[in-house]
*Asks:* 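Can you read through this structure? Questions will come right after.
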Amino acid sequence: MSKYEFVPPPEQLETSNIYRLMQKHGICSLQDLSARATRDPGWFWQAADQDIGVRWFKQYSRVLDTTGGAAWPRWFPQGQTNIYHSSVEKFAQSDPVRTAYVFVSEDGSSEKVTYGELDMRASRLANGLLSLGVKKGDIIAIYMPMIQEAVLAILAAAKIGAIQTVIFSGYGAESLRARLHDCNASVLFATDGHIRKGKKISQERAVRDAMNEPCVKKTIIARCAGIDSYEGSDIIHYDEIAGKSGACPTVPMDSEDPLFILYTSGTTGRPKGVVQPHGGFSVFAGHQAAYLIDAKKDDLLFWPADIGWITGLVWNVYGLLLAGAGAIIYDGAIDYPDPDAVWRIITKYQSTIFGISPTAARMLKKHNAQPRTAHSLGTIRRIPVTGEPLDEDTWRWLFECIGDKKIPIMNLSGGTEIGGAMLSVLPGMSLKPSTVGMPVPGMDVDCVDDRCVSLRKKDGYLVVRSPWPAMTRGLWGDEKGYVRTYWSRFEDVWFHGDYVYVDEDGLWYMRGRTDDVINVSGHRMSTAEIEHAVISHPRVSDAATVAVPDDVTGEAMAVFYVGDGRPDPVSGTDVAAFVAQKIGGIARPRHVFEMSAMPKTATGKTMRRVLKAGLLGLDPGDVSSLENPHVLKEIPCIG
């Protein structure tokens, strides 16, 4: 019997984009491709650029310049491009009637938009921005739900060389203002409110407060739900500027010119503004779409990931459009009006790639463990997963109940600062449960010990030994913080802050953050290992683990769990005993607490530090990215 749960048929590799690249260069295996790319990154990224079909107004003089040091590389120097030129514009010219998007609302209404229509609408809005005096290098903030106007604002900004920053529409006034102030945004896109789970959500207070920021000169309001009313000379209605001429030249941008700023929460204080450039991100986002999830022109992606996060920007916008594929953009909650909403959308529109976070998968599993019995999911051919470590129980459910044991679970791991994923399951790989596959070709990723020596079959630190095209160009306004966060642990090596494990077959696994390790009486245990054990309990749907100080053992383990919703909830005592049985007596948690939900960001990441802060009665720090702050009231204070 195979030691692998999934062994792909040969055609899964042989029909893939990455196989096409391998064939062009006489490479026989994924491992050989990865090895050559690591030895010669200049060759690989130029080969990827040419294979993806990035368009250059002016060809670059070389692939990589590291004269500024490993932390400050310049990719494709002297080259001029524009990510819009290589995506929307390219396919609007070659195949204008191909579907780019199907925009779907919670009420079931939808609109299909072709590449030709997308180009026309984005160009009209770009001309509208130009008429307002917006110019190359200006910063445009987009504070909108997942509606067509939000995508058009992103694309119009890129087309004219403005720098965009997409701000999650669920943020409140304080979070919005902090980001606008930090990046000095001069234009703000917002809506007249939106609908979520059938409820009216006003944005007016946050928008009015944001307009008091001196940097904000223009506020553009798009019609969405008709909840808020805006009047005054400082308000511009979206329709007033979106109907300009459809002929707008795309501005050539230097390869290193900023494309967007995307904020990710820091452990404390201000959020971190990650910066991505036109050239490097064009090649990397195309690489992610083409080689990791194998997106092709006939694919229709459904990945309910907000464009306010890197997952949404890579898969639902830039990577998708660089591949010339299509996507369903859903403006709604995946469990509304009921948990079968996702399966109905896949069935109705015949989605071929279904992306999901582990948190969302556990929620859907809890409500409908066998969706194939009532829905036609046979069009799905790939299931990418990212957002947090994927536990084995959820992996098996996706593999067996969604993929019918025929579809690879393409688990990915990366981050905003990475520009996408650095570890991924690739087409044609044999898989074991919950693996994140291997380092993506072109990234020199390693698992190391405290001396930065490579480790195998032991938990180690996740590092990257050389630059890659979408490595963040610092943190906006905080160069010292950038160097301190990523480059201070090991010399000229990127320290990502995750624990990883590489098994005897070269498959990689995420073990959680380096600050999520518990040391009980000298025994070091990762929170991911404990959480996976808790989640495997048949009556538990989600879990989180933190360490708290203990006078005897140094640290003690505290487990938070969410039950399965049945009237007779599982007890904390049962959960503790289950963990001890699964892992051993040393892993029995000292404290166990039931929660109605874990504190999550919109990307599905559990904010463990706020759980720990609540337990110890400490300031939780920056909680602006928290989607459900009300659950913080459920955390007991034990310190």
*Asks:* Would you check if Asp192 and Ile227 make a side-chain contact, meaning some heavy-atom pair closer than 4.5 Å?
*Replies:*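 Asp192 vs Ile227: side chains apart.
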*Asks:* Before accepting this row, confirm whether a basic side-chain N of the pair Lys218/Asp234 lies closer than 4.0 Å to the acidic partner's carboxylate O.
*Replies:* no
*Asks:* Heavy atoms only: give me the nearest Ala122-Leu152 pair and the separation to one decimal.
*Replies:*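 The answer is N-CD2, 3.7 Å.
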*Asks:* Which is it for Asp478 and Lys272 under the salt bridge (charged side-chain N to carboxylate O under 4.0 Å, His left out) test, yes or no, and what are the steps along the way?
*Replies:* CA-CA 8 Å; Asp478 189 14; Lys272 300 179 295 185; over 6 Å; no
*Asks:* Without swapping roles, check the side chain of Ser94 against the backbone of Lys90 for a donor-acceptor pair under 3.5 Å.
*Replies:*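 Flag set: sc Ser94 to bb Lys90 pair under 3.5 Å.
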*Asks:* Has Glu106 got a side-chain atom pairing as donor or acceptor with Gly198's backbone, closer than 3.5 angstrom?
*Replies:*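 Flag set: sc Glu106 to bb Gly198 pair under 3.5 Å.
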*Asks:* In the structure I gave you, are the side-chain heavy atoms of Pro441 and Phe44 within less than 4.5 Å of one another anywhere?
*Replies:*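 A side-chain contact exists here, since the closest heavy-atom pair is under 4.5 Å.
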*Asks:* Tell me whether Arg381 is salt-bridged to Asp299, with the criterion being a basic N under 4.0 Å from an acidic carboxylate O.
*Replies:* yes
*Asks:* Which residue, Val104, Ile380, Ile328, Val102, forms the side-chain contact (heavy atoms from CB on, under 4.5 Å) with Phe302?
*Replies:*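 Only one option passes, and that is Ile328.
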*Asks:* Determine whether Phe189 and Val207 satisfy the following criterion, side chain to side chain contact (heavy atoms under 4.5 Å, CB included), listing intermediate values before the conclusion.
*Replies:* CA-CA 9 Å; Phe189 277 89; Val207 172; over 6 Å; no
*Asks:* Would you compute the distance between atom OG of Ser123 and atom CD1 of Ile160 and round it to the nearest 0.5 angstrom?
*Replies:*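 Reported value, rounded in 0.5 Å steps: 11.0 Å.
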*Asks:* Between the main-chain N or O of Thr264 and the side-chain N or O of Thr416, is there a donor-acceptor pair closer than 3.5 Å?
*Replies:*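 Side chain of Thr416 to backbone of Thr264: no pair is present.
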*Asks:* Out of Ile353, Asn17, Leu426, which residue meets the side-chain contact (heavy atoms from CB on, under 4.5 Å) rule with Asp294?
*Replies:* Asn17
*Asks:* Are the side chains of Leu132 and Ile241 in touch, meaning some heavy atoms are under 4.5 Å apart?
*Replies:* yes
*Asks:* I'd like to know if the side chain of Tyr101 pairs up with that of Asn316 as donor and acceptor (distance under 3.5 Å, no hydrogens or angles considered).
*Replies:*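 No - no donor-acceptor pair under 3.5 Å links their side chains.
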*Asks:* Could you check whether any side-chain heavy atom of Phe91 comes within less than 4.5 Å of a side-chain heavy atom of Leu321, counting everything from C-beta outward?
*Replies:*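 Contact flag for Phe91/Leu321 side chains = no.
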*Asks:* Please report the closest heavy-atom contact between Gly428 and Leu13, naming both atoms and the distance.
*Replies:* CA-CB, 3.8 Å
*Asks:* Looking only at heavy atoms, which two atoms of Gly279 and Thr81 are closest? And how far apart?
*Replies:* CA-CG2, 3.9 Å
*Asks:* Tell me whether Asn82 contacts the main-chain N or O of Met253 through its side chain, where contact means a donor paired with an acceptor under 3.5 Å.
*Replies:* no
*Asks:* Which of parallel (below 30°), tilted (30 to 60°) and perpendicular (above 60°) describes Phe168 and Trp309?
*Replies:* tilted
*Asks:* Determine whether Pro77 and Ser61 make a side-chain contact, defined as any pair of heavy atoms from C-beta on separated by less than 4.5 Å.
*Replies:* yes
*Asks:* Report yes or no: do Ser110 and Tyr349 form a side-chain donor-acceptor pair below 3.5 Å?
*Replies:*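 Yes, side-chain donor-acceptor contact under 3.5 Å.
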*Asks:* Got a donor-acceptor contact below 3.5 angstrom from the Tyr143 side chain to the Tyr171 backbone?
*Replies:*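 Between the backbone of Tyr171 and the side chain of Tyr143 there is a qualifying donor-acceptor contact (under 3.5 Å).
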*Asks:* Does Thr114 offer a backbone N or O that forms a donor-acceptor pair with the side chain of Glu117 under 3.5 Å?
*Replies:* yes
*Asks:* Could you please spell out the steps behind the side chain to side chain contact (heavy atoms under 4.5 Å, CB included) verdict for Ile293 and Gln288?
*Replies:* CA-CA 7 Å; Ile293 68 167; Gln288 298 272 296; over 6 Å; no
*Asks:* Any sub-3.5 Å donor-acceptor pair from Asp228's side-chain atoms to Glu204's backbone N or O?
*Replies:* yes
*Asks:* To the nearest 0.5 Å, what is the distance between CD1 (Ile220) and CD (Glu240)?
*Replies:*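 Output value for this atom pair is 10.0 Å.
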*Asks:* Is any side-chain heavy atom of Arg121 closer than 4.5 Å to one of Val113?
*Replies:*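 Yes - at least one pair of side-chain heavy atoms lies under 4.5 Å apart.
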*Asks:* Supply the atom-to-atom distance Asp335 CG to Leu364 CG, rounded to the nearest 0.5 angstrom.
*Replies:*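 Output value for this atom pair is 7.5 Å.
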*Asks:* Can you list the steps and then say if Val464 with Met422 is a side chain to side chain contact (heavy atoms under 4.5 Å, CB included)?
*Replies:* CA-CA 9 Å; Val464 190; Met422 57 180 156; 3.9 Å; yes
*Asks:* Taking all non-hydrogen atoms of both residues into account, name the closest pair between Gly308 and Leu262 and its distance.
*Replies:* O-CD1, 3.4 Å
*Asks:* Decide yes or no on side chain to side chain donor-acceptor pair (under 3.5 Å) for Thr359 and Glu388, but give the supporting numbers first.
*Replies:* CA-CA 8 Å; Thr359 293; Glu388 59 184 314; 2.3 Å; yes
*Asks:* Measure up the Trp45 and Phe284 rings against each other and bin them: parallel (under 30°), tilted (30 to 60°), perpendicular (over 60°).
*Replies:* tilted
*Asks:* Looking at Asp51 and Arg20, is any side-chain nitrogen of the basic one under 4.0 Å from a carboxylate oxygen of the acidic one?
*Replies:* yes
*Asks:* Once rounded to the nearest 0.5 Å, what's the spacing between atom SG of Cys224 and atom CE of Met144?
*Replies:* 7.5 Å
*Asks:* May I have the step-by-step check of side chain to side chain donor-acceptor pair (under 3.5 Å) for Thr191 and Gln203, ending in yes or no?
*Replies:* CA-CA 7 Å; Thr191 67; Gln203 283 192 313; 2.6 Å; yes
*Asks:* Check this for me: does any side-chain nitrogen of one of Lys136 and Asp257 sit under 4.0 Å from a carboxylate oxygen of the other?
*Replies:*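 The answer is yes: the pair qualifies as a salt bridge.
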*Asks:* Say whether, by atom type as modelled, one donor and one acceptor occur between the side chain of Thr219 and the main chain of Leu188 under 3.5 angstrom.
*Replies:* no
*Asks:* Keeping Asn127 on the side-chain end and Ser245 on the backbone end, is there a donor-acceptor pair under 3.5 Å?
*Replies:*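 Yes: the side chain of Asn127 pairs with the backbone of Ser245.
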*Asks:* Could you tell me whether Glu213 and Arg177 make a salt bridge, using a distance below 4.0 angstrom between a side-chain N and a carboxylate O?
*Replies:* yes
*Asks:* Nearest 0.5 Å, what's the CD-CD1 distance between Glu149 and Ile154?
*Replies:* 12.0 Å
*Asks:* Just verifying a value: how many Å separate Lys58 NZ and Gln80 CD, rounded to the nearest 0.5 Å?
*Replies:*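 Lys58 atom NZ to Gln80 atom CD measures 5.5 Å (nearest 0.5 Å).
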*Asks:* Are the side chains of Pro467 and Trp75 in touch, meaning some heavy atoms are under 4.5 Å apart?
*Replies:*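 Side chain of Pro467 against side chain of Trp75, heavy atoms only: contact under 4.5 Å found.
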*Asks:* Do Phe260 and Phe281 have ring centroids that are under 6.0 Å from one another?
*Replies:* yes
*Asks:* Between Asp331 and His194, do the side chains contain an N or O donor and an N or O acceptor separated by less than 3.5 Å?
*Replies:* no
*Asks:* Is it true that Lys135 and Asp138 make a salt bridge, defined as a side-chain N closer than 4.0 Å to a carboxylate O?
*Replies:* yes
*Asks:* Might you point out which heavy atoms bring Ala92 and Pro96 nearest each other, and give the distance in Å?
*Replies:* O-CB, 3.2 Å
*Asks:* Report yes or no: do Trp56 and Asp49 form a side-chain donor-acceptor pair below 3.5 Å?
*Replies:*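 Distance-only check passes for Trp56 and Asp49.
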*Asks:* For Trp315 and Trp303, take the angle between the two ring planes, folded into 0 to 90°, and tell me which bin it lands in: parallel under 30, tilted 30 to 60, perpendicular over 60.
*Replies:*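 Trp315 vs Trp303 ring planes: parallel.
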*Asks:* With a 4.0 Å cut-off on N to O distance, would you call Glu256 and Arg473 a salt bridge?
*Replies:*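 Salt bridge present between Glu256 and Arg473.
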*Asks:* Donor-acceptor check, side chain of Ser186 to backbone of Cys215, threshold 3.5 angstrom: yes or no?
*Replies:*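 Not a single qualifying donor-acceptor pair exists.
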*Asks:* Compare all side-chain heavy atoms of Val317 with those of Leu155 and state whether any distance is below 4.5 angstrom.
*Replies:*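 In contact.
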*Asks:* Step by step, work out the side chain to side chain contact (heavy atoms under 4.5 Å, CB included) result for Leu130 and Cys248.
*Replies:* CA-CA 10 Å; Leu130 292 171; Cys248 179; 4.0 Å; yes
*Asks:* Is Lys297 paired with Asp95 through a side-chain N to carboxylate O contact shorter than 4.0 Å?
*Replies:* no
*Asks:* Using a distance-only test with no angle check, is there a side-chain donor-acceptor pair under 3.5 angstrom linking Glu89 and Thr250?
*Replies:*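 Glu89 vs Thr250: donor-acceptor pair found between side chains.
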